[in-house]
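Since the structure comes first, as structure tokens, the remarks are kept for the end.
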Amino acid sequence: MRKQILDILRSRMPQAVSGEELSRQLGVSRTAIWKHIQALKNEGYIIDSVVKRGYILRQIPDKLLPDEVEAKLQTKWLGRTIVYKDSLRSTNELAKQLAGEHCVNGMTVVAEEQVSGHGRLQRGWFSPYGHGCWVSVVLTPPFLPQEAAKCTLMAAVAVIQAINKYQGVHAVIKWPNDVLLNGKKMVGILTEMSAEFGKINYIVVGTGINVNVPKEMVPPELRATAVSLQDAAKEKVSRLQVLIDYLQNLETLYEIVLQEGFKPVFDLWRQYSGTLGQRVKVIAPDAVYCGLAEDIDNDGLLIVRKDDGSLEKVIAGDVSIRPAE
Ligand code: ADP
């Protein structure tokens, strides 16, 4: 009911819709309509009640509310089940828990804030309330567990296509899991998996996109290395639009992968890569070396030509890549 009222008000914005019309169309009393309107106002919708004219939806809250996502999302299955939380520990954590209980392909967990968001190796991910897209998507691919890591590269392409459409934004992908703008980190991606021998139960692709995180809000230790989409776009960006574009791109890419494998996605990844052709420093648990990042292979591994001329394939997971001095 709430959703239907909202859909009608939204479609008539900025015109008024009378309580009588709503009650007639939806077959409930005007008091019931009034109660739903109050609930919407409590959620942050700005709705004016104008005598003799009715209700006017003035402003949609700057939140990633499922009703708002669904109103614009054009995917077939991805993001069609949305779990929305005001605040939680981590979207990946909740997505894994829910997928473990009842796995729905394309289920999406979105939060305004993560209080314990994390990147790889349990490194923290700063996720302030109402300023980013902190989102995790559950996928149940038919391919083998060893292919799961490629989903990180797929998600990176989906994000970059969603953010590079803003004027002045030319972000690049840093292998394997970050999106950088002017050398600073705008997006982190964390892919986690539940699998048995030879079979994936589910993959959770978590993405943290700094959309409108003001510089002064960023903790001092991250200020030199973190950046937000609004810094480059020079204005506040709609988080809702970024989320919707990301989900749509992800569905499109995933369907390409199911039909044709990862090659087309890797070709796109190469176009957006900020790592290939660069000298990099690879920091692995057992070795640190420098070399030229030449390409990614068919498994998404980074091929680095070391200074002695030998080739090394770098597996994501426990290495960090830094620009070489
Ligand atoms: P790495 O880039 O070292 O491989 P991860 O990809 O796992 O690490 O990301 C975690 C790191 O990202 C943290 O250790 C921190 O330095 C940095 N970080 C945390 N939150 C943010 C944020 N919102 N924006 C940019 N960088 C962040």
Side-chain angles (χ1 to χ4, degrees), residues 64 87-93 110-136 148-157 159-160 162-163 169 171-193 204-233 237 239 242-243 246 269 273-275 278 280-289 293 296 300-302 304 314-324:
L64 303 172
S87 177
L88 47 51
R89 280 176 50 81
S90 131
T91 55
N92 261 34
E93 215 172 270
V110 184
E112 299 295 342
E113 168 189 59
Q114 297 186 106
V115 293
S116 187
H118 51 263
R120 295 178 307 152
L121 309 172
Q122 292 301 316
R123 293 174 187 135
W125 187 261
F126 174 61
S127 317
Y129 188 95
H131 290 90
C133 285
W134 324 126
V135 52
S136 295
K150 299 179 190 175
C151 289
T152 300
L153 281 72
M154 174 179 73
V157 173
V159 175
I160 208 141
I163 59 181
V169 181
V172 295
I173 306 173
K174 179 188 151 205
W175 184 90
N177 68 328
D178 294 328
V179 172
L180 306 185
L181 188 67
N182 302 330
K184 296 184 179 188
K185 201 186 290 198
M186 187 199 290
V187 180
I189 299 167
L190 176 67
T191 303
E192 298 183 275
M193 168 173 64
V204 169
V205 184
T207 313
I209 311 174
N210 298 331
V211 182
N212 297 316
V213 183
K215 282 198 189 82
E216 53 285 3
M217 190 181 264
V218 177
E221 67 277 13
L222 294 179
R223 250 175 235 170
T225 52
V227 71
S228 204
L229 180 51
Q230 74 167 12
D231 299 337
V237 173
R239 291 186 301 136
V242 172
L243 175 64
Y246 166 63
W269 189 94
S273 168
T275 303
Q278 301 292 313
V280 293
K281 182 176 181 182
V282 180
I283 307 164
D286 53 348
V288 176
Y289 55 89
I296 47 169
L301 307 190
L302 186 68
V304 176
V314 187
I315 302 170
D318 55 358
V319 299
S320 289
I321 297 283
R322 304 273 178 265

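All figures in this text were calculated on a predicted structure; none of them were measured in a lab. We use all heavy atoms of the structure for the numbers below, so side chains are in, but hydrogens, waters and symmetry mates are not. Each ligand, and each atom within it, is numbered from 1 in the order the structure gives.
- Proximity of a side-chain donor or acceptor of E112 to a complementary backbone N or O of L64 within less than 3.5 Å is detected.
- Under a 4.0 Å criterion applied to the non-hydrogen atoms of A226, ligand 1 contributes the atoms 24 (N), 25 (C).
- Compare N210, I209, L190 by their heavy atoms: the one nearest to atom 24 (N) of ligand 1 is in N210.
- Taking every non-hydrogen atom of G119 and a distance limit under 4.0 Å, the qualifying atoms of ligand 1 come out as 7 (O).
- The main-chain N or O of G188 is never found under 3.5 Å from a side-chain atom of N177 such that the two would form a donor-acceptor pair.
- With distances taken over non-hydrogen atoms, the option nearest atom 11 (C) of ligand 1 out of K185, K174, H118 is K185.
- A donor-acceptor pair is defined here as one N or O able to donate and one able to accept, closer than 3.5 Å; such a pair exists between the side chain of N212 and the backbone of V237.
- Only side-chain heavy atoms of L222 come within less than 4.0 Å of ligand 1; its backbone N, CA, C and O stay farther off.
- Remark: side-chain polar atoms of E113 are not paired, donor with acceptor, to backbone N or O of S127 under 3.5 angstrom.
- For atom 10 (C) of ligand 1, the nearest non-hydrogen atom from the set R223, R123, E221 belongs to R123.
- The structure places CH2 of W125 at 10.0 Å from OG1 of T207, a figure rounded to the nearest 0.5 Å.
- The nearest pair of heavy atoms linking R239 to C133 is O-SG, 3.4 Å.
- Proximity of N177 to ligand 1, defined as any heavy-atom pair under 4.0 Å, is confined to the side chain (atoms from C-beta onward).
- At least one heavy atom of D178 sits under 4.0 Å from some atom of ligand 1.
- With hydrogens and angles ignored, the 3.5 Å screen pairs a side-chain donor or acceptor of S228 with a backbone N or O of V211.
- Close approach to G124 involves these atoms of ligand 1, each under 4.0 Å from a residue heavy atom: 10 (C), 13 (C), 19 (C), 20 (N).
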